[in-house]
J.: 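My structure is below; once you've seen it, I'll send some questions.
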Amino acid sequence: MESYLAELNDAQRAPVLQKDGAMIVIAGAGSGKTRVLTYRIAYLMSKGVDAFNILSLTFTNKAAREMKTRIAKIVGNSEAKNLWMGTFHSIFAKMLRFEADKLGYPSNFTIYDTQDSQRLISAIIKEMGLDKDVYKYKQVYSRISSYKNSLITVKAYFQNPELMEADAMSKKPRLGEIYREYVDRCFKAGAMDFDDLLLKTNELLNRFPEVLQKYQNRFRYILVDEYQDTNHSQYLIVKALSDKFQNICVVGDDAQSIYAFRGANINNILNFQKDYDNVQMYRLEQNYRSSKNIVEAANSIIEKNKTRLEKVVWTANENGPRIVVNRLLTDGEEGRFVAGSIFENRMEHQMKNGDFAILYRTNAQSRAMEDALRKKDIPYRIYGGLSFYQRKEIKDVLSYLRLVINPKDEEALKRVINYPARGIGQTTIDRLTIAANHYKRSIYEIIENLDRIDLKINRGTKTKLENFINMVKSFQIMNETADAFTIAETVAKKTGLLQELKKDGTPEGIAKIENIEELLNGIRDFVEEQKELADVTGSLTEFLEDVALATDMDKDSGDDDRVALMTIHLAKGLEFPFVYIVGMEEDLFPSAMSMSTRSELEEERRLFYVALTRAEKKAFLTYTQSRYRWGKLVDAEPSRFIEEIDDKYLDFMIPQDDYKYKPLIDTDIFGEVDKSKFRQTKPSSGTPPPSHKPTEEQLQKLRKLRPATSPGNSASAGEVIKLMAGDEVEHMRFGKGKVLSIEGAGQDKKAEIDFETGGIKKLLLKFAKLKLLN
DNA sequence: ACCGTGCCTATTTTT
DNA sequence: TAGGCACGGT
């Protein structure tokens, strides 16, 4: 049972074995912190702590899922299922649904995403007749967001002359009014935004001592991952919940704090020791991920920061090759170089596409990379950016579904009341909005009572409105008996959404139809799984919540073999053998927006630290001489971060003394040209790192570091694995089981499986991620 | 009320 | 460069 303890080094074992009390684990990059968290939870359970009494907060839902799976392997699936594990937002959304009535919210409240919030704010600014160039909705949104994250409610705002003055000084004296209106409108719509999920949790715990007690008693052991990225609101929640038992374990790395821009407070981790009695501090300093060269280069960067906790990350790994630095003429060339280099390295070292990542500072940089990869037929996957659920056609379908659950949802209603066009124009909507504000009701309620209010809306339009309402109602009735998939399918057809796209006929329209179909498939998959889980109910509500809080990282579209493209922020917590950090230029990285203060610049530096430490084997830094920005070719200068790394860790592909100015070779026709030109590297001072081909042994080691899922035979999405009755399989959620029978064929192939813990279930093979065991 | 054209602005990062 | 939005014509 406790054999897993042997898999830990001494530093890792210590925090695992301390059962009670407050502790902080400062975990350097790649030092195995997830392992510590996982085993700590397993250990607690082995010492008799009930899974129901453990709360574990992670940064992404994906991290939570993976940890749960690993824990399930140790303690068994049925036990692991009872753990509360997830992001702050998802855990407390769940809690708020239980307690919603206390705060005056319906338990089926909507969660507004950033887009919904911004649209609403935009509408409010317009309604108030304010100048949209002064009151920029994005700015207003982030201002309101930061108030909420600091627990400054509307009331608190108006009691604080300093804040009001500050806003007045920045020429926005009416910001408070916008804030108030925004909050009112959200409440009226039965909606919470992302920040509300934390703010309202605080309110709940503060205002209702019996609720606080209930959850304090429930969550006797609390673990928080990525503690350096918690904001004030999250900090207070953790503090309140852990106050009674003080069994709290936080894990983090101040050197990897990269979310100050959205309110994360690095002091939460720096001051943790003052917040609790007898805090034990542990340090994980051995890096298992990266080569010595990378670890040391990263150390040399982070040393430039002043605010940090003392810690020395070291590794016993081999030296590894130096970090390659290359300059290209334009961003197009940069893309071609990276694609070419990936192609070569993949051959030379016999790696998979999935072993490569391209990291950038801003999403806009992905385009040049995509173009180049596509030309070379290298499969890739972009994470982040416009996520699937934010696409217009998807949000349209989801908006109808949201209305089914919560017809007061104003943003959803405004989105689809006239899409597809049904003759309800802006004038009508304006009148309804004014009436809704006047009567302090939702627009939906106004429409329901049209006959009782005189709104100068003509007969024809009234009929159209009634038809719309009746359609939504028919979906609601359906929702009482049918499952989410059936409803979603009906919505797509009956609202005319699909028809609208079909008749447009353009390639974009077709792509949109395919996206909607993908969404429907996803819902069907979701329903299949939910139906078999006894503890989950109202699946449409559940689905919408999942969607609202899903990130791009969460929906892994199978682990098919693709190069990963993402921002550095998204890459936190991940690792790849080969990492390309592109756009290493002043004003881009560090960003022009983040160079005015020391702390901003330090955050950029930590971001670079995070980027570099994602690499296991080899890292590449590229920059250009000019790059397309805002549609114009703009001159660029190499990033100061390149200079900050000691030369002995770098391998310049261009004359080093000259690296700022002239290209060594004309890269215009790279790809056609003799690539030996690129091989030449200037011998630089210091010990030349062995730049060798990895031995088979080393490759094996590399592979061992990869998540266990990659080499296995688990099926990726869409690919139906070959199964026969009698096969032993494993399911991510349900654990081990035996195939009883197979039915259907092709895409509809299903298997009846007897799971050890969950009983007999029928799964659609196309979606069920099954792993063959025998 | 709808649709098309042309203009303007955006690029920092995300739950 | 591209997508979103406003305005004007029908």
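In this text, all values refer to a predicted model and were calculated from it rather than measured experimentally. Reminder, nothing fancy here: chain letters follow the sequence lines and each chain counts from 1.
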J.: Looking for any heavy atom pair under 4.0 Å, which part of the strands does S90(A) touch: base, sugar-phosphate only, or nothing?
T.: nothing

J.: Round to the nearest Å and state the distance from K62(A) atom NZ to dT15(B) atom P.
T.: 13 Å

J.: Can you measure R431(A) atom CZ to dA1(B) atom C1' for me and round it to whole angstrom units?
T.: 12 Å

J.: With F620(A), which residues qualify under ring-ring contact (aromatic ring centres under 6.0 Å, His included), at least two apart?
T.: Y580(A)

J.: Please list, chain by chain and in numerical order, all residues satisfying side-chain hydrogen bond (donor to acceptor under 3.5 Å, both in side chains) with D113(A), sequence neighbours excluded.
T.: K395(A)

J.: How close or far is atom C1' of dT1(C) from atom CG of D331(A), stated in whole angstroms?
T.: 12 Å

J.: Do any N or O atoms of the protein come closer than 3.5 Å to N or O atoms of nucleotides 10-13 of chain B, and which pairs are they?
T.:
from, atom 1, to, atom 2, distance (Å)
dT11(B), OP2, K138(A), NZ, 2.7
dT12(B), O2, R361(A), NH1, 3.0
dT12(B), O2, R361(A), NH2, 2.4
dT13(B), OP1, N363(A), N, 3.0
dT13(B), O2, R361(A), NH2, 2.5

J.: Rounded to the nearest angstrom, tell me the gap between atom CG in D133(A) and atom C1' in dT9(B).
T.: 10 Å

J.: Kindly state whether the ring of Y105(A) and the ring of F187(A) have centres lying under 6.0 angstrom apart.
T.: yes

J.: Can you run down the salt bridge (charged side-chain N to carboxylate O under 4.0 Å, His left out) pairs that involve residues 117-128 of chain A, sequence neighbours left out, and say none if there aren't any?
T.: E127(A)-R185(A)

J.: Rounding to a whole Å, what distance do you find between D116(A):CG and dT15(B):P?
T.: 15 Å

J.: Hey, could you give me each pair passing salt bridge (charged side-chain N to carboxylate O under 4.0 Å, His left out) that has a residue in residues 461-471 of chain A? Not counting sequence neighbours.
T.: R459(A)-E466(A)

J.: Tell me if the aromatic rings of Y383(A) and H569(A) count as close, with their centers under 6.0 Å from one another.
T.: no

J.: Cut-off 3.5 Å, no hydrogens considered: what does the side-chain donor-acceptor table look like for residues 413-421 of chain A, sequence neighbours left out?
T.:
from, atom 1, to, atom 2, distance (Å)
K414(A), NZ, E410(A), OE2, 3.1
R415(A), NE, D396(A), OD1, 3.0
N418(A), OD1, R422(A), N, 2.8
N418(A), OD1, G423(A), N, 3.2
N418(A), OD1, I424(A), N, 3.2
N418(A), ND2, I424(A), O, 3.0

J.: Which whole-number value in Å describes the distance from I417(A) CD1 to dA1(B) P?
T.: 11 Å

J.: I'd like to check the ring-ring contact (aromatic ring centres under 6.0 Å, His included) partners of Y179(A); sequence neighbours left out, ordered by chain and number.
T.: Y147(A)

J.: Sequence neighbours left out, what passes side-chain hydrogen bond (donor to acceptor under 3.5 Å, both in side chains) with T230(A)? Give chain and number order.
T.: N268(A)

J.: Shorter than 3.5 Å, N or O on both sides, protein versus nucleotides 2-10 of chain C: list them out with atom names.
T.:
none

J.: Toward the 5' end of DNA chain B, which comes first, T427(A) or T114(A), by nearest nucleotide?
T.: T427(A)

J.: Expressed as a whole number of Å, how far does the P atom of dT13(B) sit from that of dG4(C)?
T.: 16 Å

J.: Please enumerate all residues that pass side-chain hydrogen bond (donor to acceptor under 3.5 Å, both in side chains) together with S591(A), with sequence neighbours excluded.
T.: none

J.: Without decimals, in angstroms, what is the distance between D193(A) CG and dT14(B) C1'?
T.: 14 Å

J.: Show the distances under 3.5 angstrom between N or O atoms of the protein and N or O atoms of nucleotides 2-6 of chain B.
T.:
from, atom 1, to, atom 2, distance (Å)
dC2(B), OP1, G423(A), N, 3.1
dC2(B), OP2, N418(A), ND2, 3.0

J.: Could you list the residues that satisfy side-chain hydrogen bond (donor to acceptor under 3.5 Å, both in side chains) with Y182(A), not counting sequence neighbours?
T.: S117(A), D193(A)

J.: For D546(A) and dT15(B), give me the distance from atom CG to atom P, rounded to whole Å.
T.: 14 Å

